[in-house]
Amino acid sequence: MAGPAELVYTALEVLIAVACCLGNVLVVWAVWLCGATRRQPTFCFIASLAVADFLVGAVAIPVAILVDGRVSTSFHACVALCSVVVVLTQASVHLLLAIALDRFLRVYIPLRYKKLVTPRRSWCVVVGCWLAACLLGSVPLLGWTNPPPQPSISPSSSTSPSSSNQPPQLPAYTSFTSTSTSPSSSTSPSSSNSSTFSGTSVCEFVAVMSMSYMVLFNFVSCHLLPMLCTAALYTYIFRRISRQLRLRDAVSRHYYRRERSLARSLVLVLVLFAVCWLPIHLVNVAVYCGTVPPQGLIYLAILLSHANSAVNPVLYTFKVPKIQRAYAKIWKRYVPGCSRQEHSDSSLENTMNAVPFSYTVKRGKPPNTESSDSRLTD
């Protein structure tokens, strides 16, 4: 039976999943409605990032709940389920790097940007980001995992010297244990081998995923290095914009102010991503180094990493004007009574504005200019 912490964790995961799905569907809808992907290729990457966040809520969170010891699968099926979460994280990192590179080109070569960065090329980059994420996230399927369970030979095998060299595992959900517990299976080598390899076992993330892969490859190589490159690109972007704002004319200053505003919003997306995902990576580093964090801390780190996908739509709402206007269109078009109320308010406002104008003109008319005043008030 699940404990209170596990029940709270599951309930919060469900709430985050619903928020991810609803918020990011709205973002994709808004980007499509305003046609931003046809005029500004950056929104191709924003829409794709919203798709990745939607899949976190629709796929990754349910999978994370299942691989917390709630489903029985074969060893390799469990590895495939765990790899889904890694693939979606990789896609988000690559898309954030692509957004930073797009902003860099827009500031570095503003005159050639539109010819070089077209919507078609942007969508090709998006496809490349997803393919790279699938490739890097599927490395465990090629064999970089924890060793699969071996058939038990004797009762004393659990205390053999080889078992003492195993890396420390997290409590409660780190053992890939066979669900076959009949007495005959523990006494017969053939039945033990069958239950281990052809039967099903409880699927748990840390039991199958190698911490060397999660830390050295996934975190250091595929997360930390791209994030550092992204931060370096944004540093250059802001330095160049500051320099151009001091040198250029009024028209150019308006262009660079607009670029700076959008770049600030995208940097905030990057910072939130790093802050939300850093705790779970630190948990993996601790496990890799032999320290077992408390169960509650592990749950908190997982929730924080998933919550990042629910926060991004809120950030777009307050920081990206085009998405704000698209949200307003959706609200007016699909919320019952909203458009009629707005039309009534605008008509009343126009009437109130027109009455003082007509009154002022009539009160201030000069002598013998009645015909001209009537034309003005009409």
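Note: hydrogens, waters and symmetry copies are ignored here, and every other heavy atom, side chains too, is used. Nothing fancy with the numbering, it's 1 onward along the sequence.
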Restricting to side chain to side chain contact (heavy atoms under 4.5 Å, CB included), what partner residues turn up for [X], sequence neighbours left out?
X	result
A19	A310
A274	M227
A301	P279, I280, V283

Mark yes or no for whether [X], through its side chain, and [Y], through its backbone, hold a donor-acceptor pair below 3.5 Å.
X	Y	value
T89	V85	yes
T291	V287	no
S74	A77	yes
R121	L116	yes
S261	R258	no
S92	L88	yes

Revision key, fill the gap. With sequence neighbours left out, the residues meeting side chain to side chain donor-acceptor pair (under 3.5 Å) with W130 are S48
Revision key, fill the gap. Across all chains, not counting sequence neighbours, the side chain to side chain donor-acceptor pair (under 3.5 Å) partners of Y327 are none
Point to revise | Given I298, L300, L282, the one that forms side-chain contact (heavy atoms from CB on, under 4.5 Å) with P293 | key: I298
Is [X] isolated, or which residues cluster with it under the ILVMFWY side-chain rule of less than 4.5 Å, directly or via members?
X	answer
V71	L66
L131	V127
F318	V314
V18	L22

Practice item. Find out if the SG atoms belonging to C203 and C82 lie under 2.5 Å from one another. Key: no
Identify every side-chain donor-acceptor pair in residues 205-219 under 3.5 Å, counting partners at least two apart or on other chains, and give the distances.
from	atom 1	to	atom 2	distance (Å)
S210	OG	S212	N	3.3
S210	OG	S212	OG	2.6
S212	OG	W144	NE1	2.9
Y213	OH	L136	O	3.0
N218	OD1	Q90	NE2	2.8

Check your understanding: Do R70 and E204 pass the salt bridge (Lys or Arg N to Asp or Glu O under 4.0 Å) test, and can you show the C-alpha distance, the side-chain angles, and the key distance before you say yes or no?
Key -> CA-CA 8 Å; R70 292 179 173 88; E204 295 167 328; over 6 Å; no
Practice item. Test side-chain contact (heavy atoms from CB on, under 4.5 Å) on R260 and F238 and set out the steps. Key: CA-CA 7 Å; R260 183 176 60 184; F238 284 114; 4.1 Å; yes
**Study point:** Residue pair N24 / V51, side-chain heavy-atom distance below 4.5 Å
**Key:** no
**Study point:** From L304 atom CG to H306 atom NE2, the distance as rounded to the nearest 0.5 Å
**Key:** 10.5 Å
Review point. For the atom pair CG (L49) and CD1 (I46), what is the distance rounded to the nearest 0.5 Å?
Key: 8.0 Å
Exercise for review: Check whether the side chains of K319 and Q324 place a donor and an acceptor atom closer than 3.5 Å, and report yes or no.
Suggested key: no
Exercise for review: Any ring pair (Phe, Tyr, Trp, His ring centres under 6.0 Å) involving residues 18-66? Give me the pairs, sequence neighbours left out, ordered by first then second residue.
Suggested key: W29-Y334
Enumerate donor-acceptor pairs with a distance under 3.5 Å from any side-chain N or O in residues 96-112 to protein atoms, sequence neighbours excluded.
from	atom 1	to	atom 2	distance (Å)
D102	OD1	Y113	OH	2.5
D102	OD2	T42	OG1	2.3
D102	OD2	Y113	OH	3.3
R103	NE	T42	OG1	3.4
R103	NH1	E259	OE1	2.6
R103	NH2	T42	OG1	2.5
R106	NE	E259	OE1	3.4
R106	NE	E259	OE2	2.5

Check your understanding: Which atom pair, heavy atoms only, marks the closest approach of G137 to S83?
Key -> O-CB, 3.4 Å
